[in-house]
Amino acid sequence: MQERPWIKTFREYGIAAEVAAAPHASVTAMLEAAMQRYATKTAFVSFGQRLSFADVDRLSRDFAAWLQAQGVKRGDRIAVMTPNILAFPVAMLGIVRAGAVQVNVNPLYTARELAHQLQDAGAETIVIFNGSTATLAEVLDQTPVKRVVTAGLALRADSPLPNPPVDARLSGAVSMVAALTVGAQQRWTPVPLTADDLLFLQYTGGTTGLSKGAALTHGNLIANSQQFGLFMPDAMRPGEEVVVTAIPLYHIFALMVNFIHYFSIGAENWLVANPRDMDGFVETLRQARPTVITGVNTLFAGLTLHPKLAEVDWSKLRMVGGGGAAIVPAVSERWQAITGHFIREGYGLSETSPVVSFNPGAVQSFSGTTGLPMPSSDVNLLDDEGNEVAPGGAGEICVKGPQVMRGYWEKPDANAAAFTADGYFRTGDVGAFDERGFLKIVDRKKDMILVSGFNVYPNEVEAVASGCAGVAECACVGLPDARSGEKVALFVVRTPGANLTAEQVVAHCRANLAGYKMPASVEFVQALPKSSVGKILRRELRPKD
């Protein structure tokens, strides 16, 4: 096989092309080592509370002991449905120390979505935020759940923090505080785990039907942590990093990068439970003085419009990572003007633990790409017939590497469709490499717009339109058109106080886009529909059948 173009760039940047042998047999062992090494350091900060690495060690042992006393065994699935509060990391470490598999659940799920996920995973235990218990109560009798552990904003019974009430229908529920108290009096039996043991069932968004659980192993997450570490050595200083986590921990990006990876090197992690509270979020940034922050484009866009963001001390910042959706150049420019740092874009999926590519530390400016593939990975771009495209051509991104999932949980038919005959995972995304091996996401296959036989990719239209003065954010979709098959429709949120017109947006686009890519309509909206992690949901902008 001809050498991949990114390998030469690896040599130029001094990046190893392969990860070393894993230093730990499991994520459990990796994080236990961190809890011992950094015992006296602060691990998590949330709502004015602090947990040291020693506190996390003790509390997670107590929770693991309680779970084992309840009969939880190696390989059992346990659901966790909380925002970014202290209960999440303690529950996760307790679950894996009991040898179980964590099923990550969005606390904003509807009853229907929750019932499906619990049924599909076969979860008999759930750790759930008090504020989400009404949803569970609606469908509890439709699920395999036997044990409900409720979690508030604190892990102490004497905490003054207010909590939503637990739904009265869950009369048999046990609070996290009570479980920890009982577990402290019980014996925890360590469970030997290997790289092949399951760690997470990470459910996909279900944009094409019912969500599927990506079965991720301990080996998958260790490998991705090692891969990421090789790319960003300057932001991997043991015991020195301060991370602000606003992306939900139930999302694989924050779970791997912000939690697992940075916990393993002794970072202090400030948890943001509600990033939509921009005043509170900016205050957290002011207090934390982070060295590392990750987010999605909409999160960064919103922050740059906040009048007090410039008052944050950014002198310690070393790495800003963006993923989940394309980072718009105009947003990175606004962010850099305020903080002095551009946004390093990456690309990944639940099925790849998640990082497939990232802009490494040697990159000194916004690249407009998702960076280079991870070490020990291979990426093929395939056409519709399954053939590798010519250099510079666009094709479906197909990935092989140690971070790629075992498969979808109990979905043999889906697995057969998801992998090529030679073992590459089909992402469903369209991408192209430049001559140095940097990967640019052209778009999701299903989001591509076909105008009179020409392909129009929404990411490109959105990137151009976002550069128009007065555009805070925008989204582009294809709508049926009798003449051209489809037409480009653009939905725009104005910046505060802007008097932007549709004609001005069109004029800006006309100067930067070919005619067939031009928006046929511009509609101004107050807000764009978004997922809980801030991704713009283009499908919600299309007319319902």
Side-chain angles (χ1 to χ4, degrees), residues 246-247 253 275 278 293-306 309 319-348 357-359 363 365-371 429-432 434 438-444 447-449 456-478 488-496 498 500 504-513 517-519 522-525 527-531 533-538 540-541:
I247 300 177
F253 182 19
M278 281 291 177
I293 182 172
T294 61
V296 295
N297 187 76
T298 50
L299 186 75
F300 291 122
L303 283 171
T304 60
L305 297 175
H306 196 284
L309 188 69
M319 197 275 281
V320 185
I327 300 297
V328 173
V331 172
S332 183
E333 290 167 10
R334 296 203 305 261
W335 179 266
Q336 186 166 10
I338 296 169
T339 70
H341 290 261
F342 70 96
I343 302 171
R344 291 182 188 277
E345 189 172 357
Y347 165 68
S357 64
F358 196 73
N359 278 276
V363 174
S365 60
F366 184 76
S367 72
T369 76
T370 66
D429 292 320
V430 178
D434 68 15
F438 283 81
L439 178 65
K440 185 173 182 62
I441 308 303
V442 179
D443 231 315
R444 288 289 298 178
D447 284 340
M448 186 180 70
I449 305 166
V456 178
Y457 295 104
N459 281 356
E460 181 184 11
V461 179
E462 290 164 5
V464 168
S466 294
C468 179
V471 173
E473 57 183 359
C474 62
C476 170
V477 300
V488 178
L490 187 68
F491 296 82
V492 175
V493 178
R494 295 184 180 97
T495 56
L500 186 65
Q504 289 171 318
V505 175
V506 170
H508 175 84
C509 291
R510 184 174 291 114
N512 295 279
L513 292 170
K517 298 179 182 178
M518 286 293 299
V522 176
E523 180 177 342
F524 292 101
V525 294
L528 295 171
K530 296 171 187 172
S531 72
V533 297
K535 285 187 182 180
I536 294 172
L537 300 175
R538 291 182 182 133
E540 297 296 326
L541 295 169

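This is a predicted model, so every value here is computed, not measured. Note that the numbering runs from 1 along the sequence shown for the chain.
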*Asks:* Heavy-atom distance under 4.5 Å between the side chains of Arg494 and Phe524, does that happen here?
*Replies:* yes
*Asks:* Considering residues at least two apart in sequence or located in another chain, which fulfil the side-chain hydrogen bond (donor to acceptor under 3.5 Å, both in side chains) criterion with His306?
*Replies:* Asp279
*Asks:* Taking all non-hydrogen atoms of both residues, which atom of Thr369 and which atom of Ser367 are closest, and how far apart?
*Replies:* OG1-OG, 2.8 Å
*Asks:* Considering all heavy atoms of both residues, which atom of Ala326 and which atom of Asn459 are nearest to each other, and what is their separation?
*Replies:* CB-ND2, 3.9 Å
*Asks:* Over all heavy atoms of both residues, which pair between Ala469 and Leu500 is shortest? Give the atoms and the distance, please.
*Replies:* O-CD1, 3.4 Å
*Asks:* Checking side chain to side chain contact (heavy atoms under 4.5 Å, CB included) for the pair Phe366/Asn359: CA distance, chi angles, key distance, verdict?
*Replies:* CA-CA 9 Å; Phe366 184 76; Asn359 278 276; over 6 Å; no
*Asks:* To the nearest 0.5 Å, what is the distance between CD (Glu462) and CG (Leu490)?
*Replies:* 7.5 Å
*Asks:* Report the distance from atom CD of Glu333 to atom OG1 of Thr304, rounding to the nearest 0.5 Å.
*Replies:* 11.5 Å
*Asks:* For the pair Thr370 (side chain) and Leu439 (backbone), establish whether a donor and an acceptor sit closer than 3.5 Å, ignoring hydrogens and angles.
*Replies:* yes
*Asks:* Looking only at non-hydrogen atoms, find the nearest pair between Leu541 and Pro529 and report the distance.
*Replies:* CD2-CD, 3.7 Å
*Asks:* Do Ile327 and Trp335 come close enough that some side-chain heavy atom pair is under 4.5 Å?
*Replies:* no
*Asks:* Working to the nearest 0.5 angstrom, can you tell me the gap between Phe358 CZ and Met319 CE?
*Replies:* 4.5 Å
*Asks:* When you compare the side chain of Pro519 with that of Val505, does any pair of heavy atoms fall below 4.5 Å?
*Replies:* no
*Asks:* Test side chain to side chain contact (heavy atoms under 4.5 Å, CB included) on Leu303 and Met278 and set out the steps.
*Replies:* CA-CA 7 Å; Leu303 283 171; Met278 281 291 177; 3.7 Å; yes
*Asks:* Does a side-chain heavy-atom distance below 4.5 Å link Val430 with Met448?
*Replies:* no
*Asks:* Rounded to the nearest 0.5 Å, how far does NZ of Lys535 lie from CG of Leu299?
*Replies:* 14.0 Å
*Asks:* Do Asp429 and Tyr347 come close enough that some side-chain heavy atom pair is under 4.5 Å?
*Replies:* yes
*Asks:* Please check: side-chain N/O of Ser332 versus main-chain N/O of Phe342, any donor-acceptor pairing under 3.5 Å?
*Replies:* no
*Asks:* Please identify which of these residues, Val477, Ile536, Asp447, meets the side chain to side chain contact (heavy atoms under 4.5 Å, CB included) condition with Pro458.
*Replies:* Asp447
*Asks:* Which pair of non-hydrogen atoms, one from Leu305 and one from Ala472, has the smallest distance, and what is that distance?
*Replies:* CD1-CB, 4.0 Å
*Asks:* Measure across Pro275 and Ala246 and return the closest heavy-atom pair with its distance rounded to 0.1 Å.
*Replies:* CG-O, 3.6 Å
*Asks:* So do the side chains of Cys476 and Val488 get within less than 4.5 Å of each other, counting heavy atoms only?
*Replies:* yes
*Asks:* Would you say Arg344's side chain and Gly371's backbone share a donor-acceptor pair under 3.5 angstrom?
*Replies:* no
*Asks:* Hey, what do you get for CD1 (Ile441) to OG (Ser357), rounding to the nearest 0.5 Å?
*Replies:* 6.0 Å
*Asks:* Output all residues satisfying salt bridge (Lys or Arg N to Asp or Glu O under 4.0 Å) with Lys517, sequence neighbours left out; order by chain, then residue number.
*Replies:* Glu460
*Asks:* Glu473 versus Thr298: any side-chain heavy-atom pair under 4.5 Å?
*Replies:* yes
*Asks:* With a 4.5 Å heavy-atom cut-off, do Val328 and Phe300 have their side chains touching?
*Replies:* no
*Asks:* Within this structure, what is the CG-CZ distance for the pair Leu528 and Arg538, rounded to the nearest 0.5 Å?
*Replies:* 11.0 Å
